[in-house]
Student: 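Have a look at this one before I ask anything.
Hydrogens, waters and symmetry mates are skipped; everything else that's a heavy atom, side chains included, is used.
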Amino acid sequence: MTADPKLIDKLSTLLAPGDLALLDAAVAAAYRLGLRAYLVGCPVRDLLLDRTPIDVDVAIEGDAIALAHAVAEATGARVAKTTVFLTAT
């Protein structure tokens, strides 16, 4: 499934520049690692309702922790992980 270009354009205008840069880094890292990434949760709702998202939620098929480390390395961010659910922030 490919993303709708109109929704991507809409997302890029609604997201804060820092959030958009972080999302771009996550998409690029997921591509490099061969992982599928999906925008989920509140940002999807906000996008459909023409609201400005207050956060970005991404679901990953595969190793989310590895992706988080790749994004952190690319952006200078810090990774906090929970080993119980294998999630990363």
Side-chain angles (χ1 to χ4, degrees):
M1 178 179 197
T2 58
D4 182 339
K6 291 179 187 175
L7 289 178
I8 293 172
D9 289 342
K10 187 185 229 185
L11 181 64
S12 67
T13 61
L14 291 175
L15 275 180
D19 291 340
L20 184 58
L22 191 58
L23 182 59
D24 285 342
V27 168
Y31 181 79
R32 280 193 313 274
L33 295 171
L35 303 173
R36 290 184 181 190
Y38 302 93
L39 188 65
V40 298
C42 295
V44 174
R45 178 207 59 213
D46 294 341
L47 178 62
L48 294 173
L49 296 175
D50 290 324
R51 295 181 185 168
T52 300
I54 59 170
D55 65 357
V56 177
D57 300 319
V58 180
I60 305 300
E61 276 187 43
D63 191 344
I65 304 300
L67 177 65
H69 285 288
V71 172
E73 185 177 314
T75 63
R78 182 176 56 87
V79 175
K81 68 178 179 180
T82 60
T83 58
V84 175
F85 299 108
L86 298 177
T87 60
T89 57

Student: Please determine whether the number of non-hydrogen atoms from other residues, nucleotides or ligands lying under 6.0 Å from atom CD1 of I54 exceeds 12.
Tutor: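 For I54, atom CD1 is not crowded (no more than 12 foreign heavy atoms under 6.0 Å).
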Student: What pair of heavy atoms forms the shortest contact from V79 to A72, and how long is it?
Tutor: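 Residues V79 and A72, closest heavy atoms: CG2-CB, 3.5 Å.
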Student: Considering all heavy atoms of both residues, which atom of A88 and which atom of A68 are nearest to each other, and what is their separation?
Tutor: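 Shortest heavy-atom contact: CB-CB, 3.4 Å.
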Student: Checking L67 against V58 for the side-chain contact (heavy atoms from CB on, under 4.5 Å) test, could you report, in this order, the C-alpha distance in whole Å, the side-chain angles of both residues, the deciding distance, and whether it holds?
Tutor: CA-CA 11 Å; L67 177 65; V58 180; 5.5 Å; no
Student: Which heavy atom of A37 sits nearest a heavy atom of I60, and at what distance?
Tutor: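 Closest approach of A37 to I60, heavy atoms only: CB-CD1, 3.7 Å.
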Student: More than 12 heavy atoms of other residues, nucleotides or ligands under 6.0 Å from CD of E73: yes or no?
Tutor: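 No, CD of E73 has 12 or fewer neighbouring heavy atoms, counting only those of other groups under 6.0 Å.
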Student: Mind checking whether L23 and L15 have side chains closer than 4.5 Å, heavy atoms only?
Tutor: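 In short, these two side chains touch, coming nearer than 4.5 Å.
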Student: Quick check: closest heavy atoms across K10 and L48, and the distance to 0.1 Å?
Tutor: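 For K10 versus L48, the nearest heavy atoms are NZ-O, 4.5 Å.
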Student: Please round to the nearest 0.5 Å and tell me the distance separating atom CG of D19 and atom CG of L14.
Tutor: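 Between D19 CG and L14 CG, I get 11.5 Å after rounding to 0.5 Å.
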Student: For the residue pair D57 and G41, what are the closest heavy atoms and their distance?
Tutor: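 Nearest heavy atoms, D57 then G41: OD2-CA, 4.2 Å.
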Student: If you compare all heavy atoms of A29 against all heavy atoms of V71, which two are closest, and at what distance to 0.1 Å?
Tutor: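 Closest approach of A29 to V71: CB-CG2, 4.0 Å.
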Student: Would you find more than 12 non-hydrogen atoms of other residues, nucleotides or ligands less than 6.0 Å from Y38 atom OH?
Tutor: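 Counting neighbours around OH of Y38, more than 12 heavy atoms of other residues, nucleotides or ligands fall under 6.0 Å, so yes.
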Student: Within this structure, what is the CG-NE2 distance for the pair L33 and H69, rounded to the nearest 0.5 Å?
Tutor: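 L33 CG to H69 NE2: 11.5 Å, rounded to 0.5 Å.
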Student: Is there a path from V44 to V56 through hydrophobic residues (I, L, V, M, F, W, Y) whose side chains come within less than 4.5 Å of each other?
Tutor: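 Yes, one cluster joins them.
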